[in-house]
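Okay, structure first, notes after.
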Amino acid sequence: MPGITAQRSERLAGREPLPLFEIELNEQQRQRQRKVEELRRLGIDPYPPRSHRTHTARQALDRFAEIEPTLDGELDPEEIVVAGRVTALRDMGKSVFAHIRDGSGAIQLYLRRDVVTDDALAHFKRFIDLGDFIEAAGHLFRTRTGEVTVEVRRFQLLAKAVNPPPEKWHGLTDVETRYRQRYADLMANEETRRIFVIRANAIRAIRRFLDERGFLEVETPILQPLYGGAAAKPFTTYYNALDQTFYLRIADELYLKRLLVGGYERVYEISKDFRNEGIDARHSPEFTMLEFYMAYADYRDVMELVEQMLAFVAEEALGTRQITFAGHTVDLTPPWPRVSLRQALIDTTGIDFLEVTDQRELYERARALGADVAPDTVWPRIIDELLKTFVRPTLIQPTFLIDYPVELSPLAKRSPEDPRIVERFQPFIAAMEVGNAFTELNDPMDQLSRFLQQARDRAAGDDEAMPIDDDFINALMYGMPPTGGFGLGIDRLTMLLTDQQNIREVILFPHLRSKPTPILNLVPRSADERDQ
RNA sequence: GAGCCCGUAGCUCAGCGGUAGAGCAGCGGACUUUUAAUCCGUGGGUCCUGGGUUCGAAUCCCAGCGGGCUCACCA
């Protein structure tokens, strides 16, 4: 059965009718939409352009706390106006209790017949539903049960909700609906709202930390003619004006380093990167990355800065350096232990990767330990697998894993002590890898040879090997100072700070496959119906 | 991409071969300090979609769509 039509609403709103479609509403939506039309007939705008709010819920509660000692149990003499979404309604007959929530919190409203008048109370009961935005003018007092409440004199609908809100006790729990309709999730679930506040606080803290230390925030291209700076498959697009294939960046790295060639000493960028790969609890193809680079610093300087930064961020975002994640309590207070990957692997697997240089032998040893590797897995990938299987689960308290084999790191500088090792580290917290850093490779010819090796890997079938970026080589040929660089997954950091096990819980609008059935049922109207 | 699990009212869920259910929300009524208010009454369904088995399918089987978890690739 067709519901109230958009066309009729348009007519009642004094505009031209929508010609072709109507929206099919369920019973509750129809019920509410009827109220919209009835209000219009009464000359009341169900969507007025302005509110007259004088106090947020928080400000009202704070005000009452301040003046209550002077009131002697009486009403606050000053009239205030609060506004928000109706989240609870308790109809007592000749009075009504309601809660409204705004961005600052919630406050209770109390409407009594002998204060608002009989007609106004009837109007409220007739037209105000759960989920509506309203404003209410009145005086603060404390109820018998102790709750600070507005005794309402006047009220006004600010925006009618046609959709009923999710169930009040369990909220919205269906994961798919929570992601597809994040607005409903945010409306219904305090925890969801909390996560994104912490996320914003963390990002603000990072900016402040870096700004205070002389870093320059910059923006480099997201659309790039060549991608690089990480091992990943890119999203590809076509740039019409340039008549050329472009890629969405997989990392910021190569552009930020060009800026150090240009003479900036400290730069950072916080923005989205895109990797055309699998989605799981720790990976989102569109994710947020912090990268910073500092000249005249090496990876040890960077480690010191990173442990300070993350302790600062936790303090700013959560008020503590102790965080709980997946049942682990970890303490971010610096300094964090530095453990070489070589030693960690010797301790956990007995394998010394400087001794076991033959791929076949490494494979046999890994298999003997029970690692899940295929016979054709290349040497660096086996090392990576051993790291993930045997080392990573042991890294609960914050730890820097340092000094990786050169084969794993085509953009990092070799150790002066051992050319088979690069000066690289990854911070692990609660067994989660949250970043990646190294002393940056600034020898253009060494960089070129690493690119050439990547090209060979690519030819051999590694489709995540980086393409050769000759402009980057050209930049390095102008000279880049000794530099330490760092990349941090902002989403994963947020997971840690909010104790969320799934990355989609910390992304406002995570990607899902489009649904064949639309949310709104728009049905065509027949011509004669339109003519009536 | 593979394996396992899920899809029932606006929301949260039960039902798992024999007339489609509960709570909240809705609608009607009672109640002037309630707190998931309470009490009485009541409407509401493409049981994800399409096939099949069966006298009979929400329930069993097959396929598809959407989602979750675990793998695999990756930060």
Side-chain angles (χ1 to χ4, degrees), chain A residues 1 25-32 34-35 87-99 106 108-116 118 121 125-126 129-131 141-147 149 151 161-181 184-185 187-188 229-233 250-251 273-285 287-291 372-374 377 381 384-385 388 392 426-428 432-436 462-464 487-493 495 501-504 510 512-517 521:
Chain A
M1 173 163 74
L25 303 178
N26 68 36
E27 178 171 352
Q28 290 198 56
Q29 294 169 324
R30 216 152 50 223
Q31 202 68 248
R32 287 159 176 258
R34 273 197 207 108
K35 295 179 186 178
T87 56
L89 274 178
R90 291 180 291 278
D91 179 357
M92 310 276 302
K94 297 188 178 61
S95 69
V96 172
F97 285 93
H99 272 96
Q108 183 169 253
L109 306 181
Y110 180 44
L111 292 89
R112 326 170 20 146
R113 187 172 71 170
D114 53 11
V115 173
V116 290
D118 218 346
L121 189 66
K125 292 202 224 180
R126 171 80 189 93
D129 292 305
L130 286 175
F141 74 110
R142 189 181 289 279
T143 64
R144 189 185 295 165
T145 48
E147 180 161 355
T149 300
E151 192 193 77
V162 178
N163 283 330
E167 202 249 9
K168 63 181 172 186
W169 189 237
H170 302 91
L172 186 63
T173 63
D174 179 70
V175 176
E176 184 178 353
T177 310
R178 289 185 45 238
Y179 294 161
R180 287 191 194 278
Q181 303 185 45
D185 182 30
M187 188 190 310
K233 297 184 203 98
I250 60 173
D273 287 351
F274 306 86
R275 298 185 185 176
N276 209 341
E277 291 170 348
I279 301 175
D280 65 30
R282 292 192 149 102
H283 298 87
S284 167
F287 64 106
T288 302
M289 180 90 123
L290 158 73
E291 288 192 32
D372 181 22
V373 285
T377 309
R381 292 246 178 267
D384 205 33
E385 183 61 31
K388 282 175 185 160
R392 188 166 72 185
Q426 292 191 289
F428 289 83
M432 184 148 70
E433 180 187 330
V434 295
N436 189 19
D462 181 357
D463 52 4
E464 290 185 351
L488 173 78
I490 297 289
D491 311 280
R492 286 187 177 179
L493 174 67
M495 290 169 69
Q501 318 298 310
N502 194 310
I503 195 167
R504 278 179 283 199
L512 294 178
R513 203 184 299 275
S514 299
K515 267 215 151 168
T517 49
N521 199 11

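Values below: all heavy atoms of this structure, side chains included; hydrogens, waters and symmetry mates excluded. Below, chains carry the letters A, B, ... as their sequence lines are ordered, and counting in each starts from 1. Owing to the predicted nature of the structure, the values given are computational and were not obtained by experimental measurement.
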Comparing A:T143 with A:A232, nearest RNA chain B nucleotide closer to 5' gives the residue A:T143

What integer number of Å spans the P atoms of B:G23 and B:U53? 39 Å

Applying a 4.0 Å non-hydrogen cut-off, can you work out what A:R513 is touching in the nucleic acid: base, sugar-phosphate, or nothing? sugar-phosphate

What integer distance in Å separates A:R381:CZ from B:A72:P? 14 Å

Whole Å only: how far is the CG atom of A:N163 from the P atom of B:A25? 17 Å

Taking atom P in both B:G3 and B:G15, what distance in whole Å separates the two? 27 Å

By the 4.0 Å heavy-atom rule, please label A:S284 as base, sugar-phosphate, or nothing. base

Could you work out, with ring-ring contact (aromatic ring centres under 6.0 Å, His included) as the rule, every residue matching A:F287, not counting sequence neighbours? none

Inter-nucleotide P distance (B:G64, B:A2), Å rounded: 10 Å

Taken to the nearest whole Å, NZ/A:K94 to P/B:U34 is 16 Å

For a quick check of understanding: with a heavy-atom distance under 4.0 Å over all strands, which category does A:A231 fall into, base, sugar-phosphate or nothing? sugar-phosphate

Rounded distance (Å) that lies between atom C1' of B:C31 and atom CZ of A:R112: 15 Å

Within the structure provided, determine whether A:I250 and A:M289 are in side-chain contact (heavy-atom separation under 4.5 Å). no

Figure out the CZ/C1' separation between A:R34 and B:C27, and round it to whole Å. 10 Å

Which whole number of Å gives the distance between the P atom of B:G50 and that of B:A57? 14 Å

Contact state string [nucleotides 4-11 of chain B, B base, S sugar-phosphate only, - no protein heavy atom under 4.0 Å]: ------BB

What nucleotide, of B:C27, B:U34, B:A36, holds the atom closest to the side chain of A:D129? B:C27

Give the rounded distance in Å between these two atoms: CZ of A:R180 and P of B:G66. 9 Å

C1' spacing across the pair B:U33 / B:G26, given as an integer number of angstrom: 26 Å

Name the nucleic acid region contacted by A:N502, choosing base, sugar-phosphate or nothing; use a 4.0 angstrom heavy-atom cut-off, strictly under. sugar-phosphate

Does a side-chain N or O from A:K125 land closer than 4.0 Å to OP1 or OP2 of B:A30, or not? no

Describe the nucleic acid contact of A:D91 in one word from base, sugar-phosphate, nothing, applying a heavy-atom distance below 4.0 Å. base

Check against side-chain contact (heavy atoms from CB on, under 4.5 Å), A:L130 and A:K168: CA-CA 10 Å; A:L130 286 175; A:K168 63 181 172 186; 5.8 Å; no

Candidate pair A:D491 and A:T288, rule side-chain contact (heavy atoms from CB on, under 4.5 Å), full reasoning: CA-CA 6 Å; A:D491 311 280; A:T288 302; 3.9 Å; yes

What does A:Q29 touch in the nucleic acid at a heavy-atom separation under 4.0 angstrom: a base, only the sugar-phosphate, or nothing? nothing

Could you tell me how far apart A:L89 (CG) and B:C27 (C1') are, to the nearest whole angstrom? 15 Å

Take atom C1' in B:U42 and the same atom in B:C48, then report the distance between them in whole Å. 29 Å

Once you apply a heavy-atom cut-off of 4.0 Å, does A:D114 come out as touching a base, just sugar-phosphate, or nothing? base

Tell me what A:F428 touches on the nucleic acid: a base, only sugar-phosphate, or nothing, going by heavy atoms under 4.0 Å. nothing

Go through the structure and list residues passing salt bridge (charged side-chain N to carboxylate O under 4.0 Å, His left out) with A:D185, not counting sequence neighbours. A:R178, A:R182

Does A:R504 have a side-chain nitrogen or oxygen under 4.0 Å from the phosphate oxygens OP1 or OP2 of B:C69? yes

Kindly indicate whether the side chain of A:R32, heavy atoms from C-beta on, has any atom under 4.5 Å from the side chain of A:Q29. no

Using the C1' atom as the reference point in each nucleotide, state the distance between B:C65 and B:G29 in Å, no decimals. 45 Å

note: A:Y110, atom OH; B:A37, atom P; distance rounded to Å ~ 16 Å

Have a look at A:L130 and say if it touches a base, only the backbone sugar-phosphate, or nothing, with a 4.0 Å heavy-atom cut-off. sugar-phosphate

Do A:K125 side-chain atoms and A:G93 backbone N/O form a donor-acceptor pair below 3.5 Å? yes

One pair to check against side-chain contact (heavy atoms from CB on, under 4.5 Å): A:D273 and A:E291. What are the steps and the verdict? CA-CA 11 Å; A:D273 287 351; A:E291 288 192 32; 4.3 Å; yes

When the P atoms of B:G18 and B:C13 are compared, how many Å lie between them, rounded to an integer? 24 Å

Assess, by modelled atom type and distance only, whether the side chains of A:Q426 and A:R392 contain a donor and an acceptor separated by less than 3.5 Å. no

Who is the Watson-Crick or G-U wobble partner of B:C24, with both distances under 3.5 Å? B:G10

Please name the nucleotide paired to B:A2 by Watson-Crick or G-U wobble geometry with both distances under 3.5 Å, or report none. B:U70

Given B:U34, is OP1 or OP2 found less than 4.0 Å from the side-chain N or O atoms of A:R90? no

